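No experiment lies behind these values; they were computed from the predicted model shown. When a ligand or atom number is given, it counts from 1 through the structure's own listing order.
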Amino acid sequence: MEIETPKNVTIKGILGMLMASIDDEKKRLISLGMGDPTAFSCFTTTSVAEDAVVDALSSHKFNGYSPTVGLPQTRSAICEYLSIDLPYKLSPDDVYITAGCTQAIEVVISVLASPNANILVPRPGFPIYELCAAFRNVEIRHFDLLPENGWEVDLDAVDALADQNTIAIVVINPGNPCGNVYSYHHLKKIAETAKKHKIVVIADEVYGHLAFGSNPFVPMGVFGSMVPVLTLGSLSKRWIVPGWRLGWLVMTDPNAIFKNAKIIDRLKKYFDICGGPATFIQAAVPQILKETSEAFFTRTLSILKHSSDLCVKKIKDIPCLTCPTKPQGSMAMMVKLNISLLKDIKDDIDFCFKLAKEESVILLPGLTVGLKNWVRITFAAEPSSLEEALERVKSFYYRHSYEQNGSVDP
Ligand SMILES: *Cc1c(COP(=O)(O)O)cnc(C)c1O
Ligand SMILES: *[C@@H]1O[C@H](CO)[C@@H](O)[C@H](O)[C@H]1NC(C)=O
């Protein structure tokens with residue numbers, strides 16, 4: 001079967017196609033393609049969060065509409081939660097509640113859009129930015145993340161791309177799909193670059209605090225006094241509840257460089273037309289943020305660290321795959337594919353489809369996140385599943401390589 005390289009593929013679209021191509025019933029399907037950790041039983045939320053939702057629901061107080069910008073107590077709780085890590089204090093009015101981080105992306109791009117506008121997004125990146133920008137007729141300009149430099153932003157490229165019509169630069173940290181966690185120093189340089197070009201920073205911190213390597217997580221809002229930062233986040237990843245659809249969009253702009261009456265009016269109007277998360281989920285947030293134990297977070301981080309280390313180790317045994325930078329955070333990493341070592345594989349798409357068909361293992365083709373001949377591996381998986389999946393990738397490699405069964409000389 002010849003698979004055409006799909007154009008404008010979405011992650012969900014291609015994963016659906018990969019899933020449909022699985023026909024080997026002897027092997028258990030292992031998907032390392034999706035970013036939904038709840039598929040694996042070692043990733044469960046804390047009972048504190050579930051109890052908070054049950055309490056909110058059974059109080060009978062949260063069956064009505066919430067204000068479109070979010071419940072006041074929810075805004076206050078998120079304001080407190082984020083202010084802890086900032087050198088200034090946010091106001092609850094800076095916080096807008098959204099249906100997951102996805103809606104925060106949609107809102108921010110829709111509100112910033114204007115005729116001839118362009119936006120700077122990372123490559124590889126998170127395709128929702130491209131989809132939203134295209135929908136709002138905002139031109140997309142890609143700057144590269146540098147694999148050999150811990151996937152840091154190519155700031156020279158940003159300088160070359162930005163012009164008077166640039167509305168924002170998107171920074172995803174900790175990063176999906178690369179697993180990067182940027183240093184304070186690098187974030188500061190990004191902030192300085194954005195300031196120079198007078199553009200706002202859209203800081204996607206949906207993986208905020210999910211850092212397990214040597215760099216600690218530093219929120220971009222730390223540089224909010226230098227450059228306006230629109231911080232996006234959600235409960236989805238840190239609390240492992242992506243289905244709850246609870247996110248936020250926060251103006252981390254203490255000097256009000258960007259936030260002004262006009263923008264706030266536009267934001268509020270936009271919230272009046274799009275519905276946010278269910279009121280009882282919003283109502284549970286103060287209790288969730290206050291009562292989740294440090295032990296829950298530590299446990300998640302230790303599983304992620306263990307599984308990412310395991311992934312890096314197993315990849316070393318698969319000659320056609322290399323991992324230029326060890327992941328330090330989030331739940332995914334990018335791995336480079338050396339196609340020239342494989343005798344009958346055309347590209348990353350072909351690799352992932354044949355792998356799905358022959359081994360019932362799903363990896364995400366790099367093309368879907370902007371990098372041809374790379375693959376994204378989600379390591380938020382049971383270590384035993386990861387180990388088995390990568391063993392199967394290894395046998396797949398030997399079946400399709402010029403080498404014979406692991407012997408070095410062809
Ligand atoms: C998962 C993810 C989102 C979407 O988060 P939700 O809260 O599930 O909507 C946004 N950005 C990145 C980088 C993500 O990985
Ligand atoms: C792919 O592997 C070949 C053989 O080991 C090597 O010569 C080549 O440099 C590799 N290519 C890349 C892009 O790593």
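- Contacts between Val206 and ligand 1 below 4.0 angstrom, taking non-hydrogen atoms only, involve the side chain exclusively.
- Of the N and O atoms on the side chains of Asp163 and Thr166, at least one donor lies less than 3.5 Å from an acceptor on the other residue.
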Go through Thr68 and Asp272 one step at a time and tell me if the side-chain hydrogen bond (donor to acceptor under 3.5 Å, both in side chains) criterion holds.
-> CA-CA 6 Å; Thr68 55; Asp272 282 344; 2.7 Å; yes
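- Side chains of Thr231 and Thr252: a donor on one and an acceptor on the other come within 3.5 Å.
- Considering backbone and side-chain N/O of Asp204, one or more are found under 3.5 Å from N/O of ligand 1.
- Just one of Val138, Val107, Ile202 meets the side chain to side chain contact (heavy atoms under 4.5 Å, CB included) condition when paired with Leu112; it is Ile202.
- Nearest protein heavy-atom neighbour of atom 5 (O) of ligand 1: Cys101 CB, 3.3 Å.
- The Ile172 neighbourhood of ligand 1 comprises atoms 13 (C), with distances under 4.0 Å to a heavy atom of that residue.
- Among protein heavy atoms, the minimum distance from atom 4 (C) of ligand 1 is reached at Thr102 OG1, 3.4 Å.
- Checking Thr298 against Glu294 by side-chain atom types alone, no donor-acceptor pair falls below 3.5 Å.
- Closer than 4.0 Å to atom 7 (O) of ligand 2 lies none of the heavy atoms of the protein.
- The Gly100 neighbourhood of ligand 1 comprises atoms 7 (O), 9 (O), with distances under 4.0 Å to a heavy atom of that residue.
- For Tyr184 and Phe223, the distance between ring centers is under 6.0 angstrom.
- Taking every non-hydrogen atom of Tyr207 and a distance limit under 4.0 Å, the qualifying atoms of ligand 1 come out as 14 (C), 15 (O).
- Taking atom 7 (O) of ligand 1 as the reference point, the nearest protein heavy-atom neighbour is Ser236 OG, 2.6 Å.
- The pair Lys313-Asp309 does not meet the salt-bridge criterion, since no charged nitrogen lies less than 4.0 angstrom from a carboxylate oxygen.
- Heavy atoms of Leu341 found under 4.0 angstrom from ligand 2 belong exclusively to the side chain.
- In summary, the atoms of ligand 1 found under 4.0 Å from a heavy atom of Ser234, numbered by their order in the structure, are 7 (O).
- Ligand 1 has Lys237 within reach: a non-hydrogen atom of the residue lies less than 4.0 Å from it.
- By the definition of a contact as any protein heavy atom under 4.0 Å away, atom 14 (O) of ligand 2 is in contact.
- Atom CG of Leu371 is separated from atom OG1 of Thr368 by 9.5 Å, given to the nearest 0.5 angstrom.
- Side-chain N or O atoms of Tyr182 include one that pairs as donor or acceptor with a backbone N or O of Trp151 at under 3.5 Å.
- Shortest contact from atom 15 (O) of ligand 1 to any protein heavy atom: Asn176 ND2, 2.8 Å.
- The nearest protein atom to atom 2 (O) of ligand 2, hydrogens excluded, is given as Asn338 ND2, 2.3 Å; this is a heavy-atom distance.
- With a 4.0 Å cut-off on non-hydrogen atoms, Arg245 touches ligand 1 through its side chain and not its backbone.
- In this structure, a donor-acceptor pair under 3.5 Å is absent between the side chains of His186 and Asn149.
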Verdict with supporting geometry, Tyr96 and Gln103, side-chain hydrogen bond (donor to acceptor under 3.5 Å, both in side chains) = CA-CA 11 Å; Tyr96 298 83; Gln103 194 184 43; over 6 Å; no
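- The protein atom (non-hydrogen) at minimum distance from atom 10 (C) of ligand 1 is Phe126 CE2, 3.4 Å.
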